[in-house]
Amino acid sequence: MTNKETDFGYEKVSPIEKTKRVNEVFSSVTNNYDLMNDVMSFGIHRLWKRFVVKISGIRKDSCILDLAGGTGDITKLIYKKLGKDGNITLCDINEDMLNQGRENLINTGIIKGVNYIRANAEHLPFRDNSFDFIIIAFGLRNFSNKNTALKSIYKKLKYGSQLVILEFSKATIPLLDKLYQKYSFKFIPKLGKAISGNERSYRYLVESINMHPGQEELLLMMEEAGFKNIEYYNLSGGIVAVHRGYKI
């Protein structure tokens with residue numbers, strides 16, 4: 001793969017083309033995105049997200065960026081932990097997902113105290129050293145250039161602050177990996193077709209999971225971006241992992 005190519009599922013495309021296609025994928029699944037997450041993970045994704053917020057150690061006065069925050073699940077959890085001096089920004093590159101996130105939060109009574117920004121993670125429009133925490137939940141694998149995004153994120157964190165990434169990873173138990181692969185490729189696209197009428201987009205999502213770096217590879221990518229004291233936690237047998245690193 002050349003420097004001018006990146007992965008879109010199992011295809012190799014230009015970064016610009018990937019950004020365009022990913023945007024189309026998420027616009028096509030916005031209306032059923034939360035329902036599909038519940039169905040595909042049997043609701044377990046909610047426990048994964050709660051774990052992320054719990055280990056982050058968020059303070060009441062924290063300034064937080066929920067990057068690729070989509071429909072606002074992480075923002076909703078974090079908002080409950082913030083005081084009057086804290087603030088959170090929900091950021092996503094996809095306008096439809098961002099609008100859905102705003103609507104979801106308003107419907108749960110969260111009207112004030114959240115900023116909404118549409119932006120590309122590779123070129124974040126914030127001042128350097130702005131955030132106490134940046135959290136990415138199931139968004140990193142969709143970035144066209146993960147290394148560029150990690151470096152951009154590093155710049156926007158304050159010194160002593162942390163990046164937390166929740167993402168699909170590599171199952172650590174061979175039998176579990178085999179069963180998960182079978183479930184992913186045979187059933188998830190069919191579920192997508194049955195619930196949202198969109199099999200193709202969910203086939204991409206499955207392929208993107210398989211193309212995403214494993215636990216150790218992502219750790220090295222974070223190190224190359226400048227992060228220190230990096231650690232990761234395997235959840236559900238490594239089907240997903242939480243990586244945490246600090247800007248020191």
### Query
Nearest 0.5 Å, what's the CZ-SG distance between R118 and C91?
10.5 Å
### Query
Charged N to carboxylate O below 4.0 Å: is that the case for E17 and R21?
yes
### Task
Using a strict cut-off of less than 4.0 Å between a Lys/Arg side-chain nitrogen and an Asp/Glu carboxylate oxygen, indicate whether E199 and K190 qualify as a salt bridge.
no
### Query
Got more than 12 heavy atoms from elsewhere within 6.0 Å of NZ, K158?
yes
#### Entry: Side chains of Q215 and S169, donor plus acceptor under 3.5 Å
yes
### Query
Would you say the side-chain atoms of Q100 and D96 include a donor-acceptor pair closer than 3.5 Å?
no
#### Entry: Single-linkage hydrophobic cluster, 4.5 Å side-chain cutoff, V240 and F51 together
yes
### Message
Under a 3.5 Å threshold, yes or no: a donor from one side chain and an acceptor from the other, between D132 and Q162?
### Response
no
### Task
Identify whether L82 and V52 are in the same connected component of the hydrophobic contact network (ILVMFWY, side-chain heavy atoms under 4.5 Å).
yes
### Task
Could you list the residues that satisfy ring-ring contact (aromatic ring centres under 6.0 Å, His included) with H243, not counting sequence neighbours?
Y232
### Task
For the pair W48 and F168, name the ring-plane relationship: parallel under 30°, tilted 30 to 60°, perpendicular over 60°.
perpendicular
### Message
Would you say that K182 contacts K178 through its side chain, given a criterion of any heavy-atom pair below 4.5 Å between the two side chains?
### Response
no
### Message
Given L65, which partner from the list I135, I117, I153, L124 fulfils the side chain to side chain contact (heavy atoms under 4.5 Å, CB included) test?
### Response
L124
### Message
On a heavy-atom basis, which atom in F227 and which in L150 lie closest, and how many Å separate them?
### Response
CE1-O, 3.8 Å
### Query
Are the side chains of T6 and N145 in touch, meaning some heavy atoms are under 4.5 Å apart?
no
### Task
Go through K146 and H212 one step at a time and tell me if the side-chain contact (heavy atoms from CB on, under 4.5 Å) criterion holds.
CA-CA 10 Å; K146 300 176 184 67; H212 187 67; 3.6 Å; yes
### Message
Could you tell me if S201 and S28 have a donor-acceptor pair between their side chains, going purely by distance under 3.5 Å?
### Response
yes
### Task
Measure the spacing between CD of E5 and NZ of K12 and express it to the nearest 0.5 Å.
8.0 Å
### Query
In the hydrophobic clustering that connects Ile, Leu, Val, Met, Phe, Trp and Tyr at side-chain heavy-atom distances below 4.5 Å, which members other than I16 occupy its cluster, ordered by chain and number?
none
### Task
Spell out, as yes or no, whether a donor-acceptor pair under 3.5 Å connects the side chain of K18 to the backbone of F143.
yes
### Task
Applying side-chain contact (heavy atoms from CB on, under 4.5 Å), run through N210 and F185 and close with a yes or a no.
CA-CA 10 Å; N210 276 270; F185 281 97; 3.3 Å; yes
#### Entry: Test item: N99 side-chain N/O and E95 main-chain N/O as donor-acceptor pair under 3.5 Å
yes
### Query
Can you find a pair of side-chain heavy atoms, one from R141 and one from E167, that are under 4.5 Å apart?
yes
### Query
Quick check: does any side chain N or O of S152 sit under 3.5 Å from a backbone N or O of T148, one acting as donor and the other as acceptor?
no
### Query
Is there a side-chain contact between V164 and I134, using heavy atoms and a 4.5 Å cut-off?
no
### Message
For N23, is there any backbone N or O sitting under 3.5 Å from a side-chain donor or acceptor partner on N94?
### Response
yes
### Query
Could you state the interatomic distance from CG (L157) to NZ (K155), rounded to the nearest 0.5 Å?
13.0 Å
### Pair K156 + D128: basic N to acidic O under 4.0 Å
yes
### Message
Is any side-chain heavy atom of T89 closer than 4.5 Å to one of D66?
### Response
no
### Message
Is there a side-chain contact between V53 and K80 in this structure, where contact means two heavy atoms from C-beta onward sitting under 4.5 Å apart?
### Response
no
### Query
Which pair of heavy atoms, one from D34 and one from N104, lies closest together, and at what distance?
OD2-ND2, 3.1 Å
### Task
May I ask whether F131 and I136 are part of the same hydrophobic cluster, defined by side-chain heavy atoms of I, L, V, M, F, W, Y residues being less than 4.5 angstrom apart, directly or through others?
yes
### Task
Starting from the C-alpha separation in whole Å, work towards a yes-or-no answer on side-chain contact (heavy atoms from CB on, under 4.5 Å) for Y202 and M40.
CA-CA 10 Å; Y202 282 96; M40 289 188 299; 4.0 Å; yes
### Query
With the 4.5 Å side-chain cut-off for hydrophobic clustering, are V206 and Y33 part of the same group?
yes
### ILVMFWY cluster, L140 and F8 together (side-chain gap under 4.5 Å)
no
### Query
What distance separates L235 CG from K49 NZ, expressed to the nearest 0.5 Å?
13.0 Å
### Query
What pair of heavy atoms forms the shortest contact from S236 to L176, and how long is it?
O-CD2, 3.6 Å
### Summary
The reported gap from CG in L90 to OG1 in T71 (rounded to nearest 0.5 angstrom) is 8.5 Å
### Query
What is the minimum heavy-atom distance between L218 and P213, and which atoms define it?
N-CB, 4.1 Å
### Query
Of all heavy-atom pairs between M211 and G9, which one has the smallest distance, and what is that distance?
CG-O, 3.1 Å
#### Entry: T108 side chain vs L105 backbone, donor-acceptor pair below 3.5 Å
yes
### Query
For the atom pair OH (Y154) and CG (N129), what is the distance rounded to the nearest 0.5 Å?
9.0 Å
#### Entry: Residue pair L205 / F26: nearest heavy atoms and the distance that separates them
CD2-CZ, 4.1 Å
### Task
Carefully, step by step, assess R46 and D38 under the rule salt bridge (Lys or Arg N to Asp or Glu O under 4.0 Å).
CA-CA 8 Å; R46 298 182 182 275; D38 283 331; 3.0 Å; yes
### Task
Could you list the residues that satisfy ring-ring contact (aromatic ring centres under 6.0 Å, His included) with Y79, not counting sequence neighbours?
none
#### Entry: Heavy-atom donor-acceptor pair, N234 side chain to G237 backbone, under 3.5 Å
no
### Message
Quick check: do K60 and D85 have side-chain heavy atoms less than 4.5 Å from each other?
### Response
no
### Query
Under a 4.5 Å cut-off applied to non-hydrogen side-chain atoms, are I248 and Y159 in contact?
no
### Query
Can you list the steps and then say if Y204 with N142 is a side-chain hydrogen bond (donor to acceptor under 3.5 Å, both in side chains)?
CA-CA 10 Å; Y204 156 71; N142 297 306; 2.7 Å; yes
### Message
Please check this pair: side chain of S196 against backbone of K193, looking for a donor-acceptor N/O pair closer than 3.5 Å.
### Response
no
### Task
Take V114 and T75 through the test side-chain contact (heavy atoms from CB on, under 4.5 Å) and record every step on the way to the result.
CA-CA 8 Å; V114 180; T75 293; 4.1 Å; yes
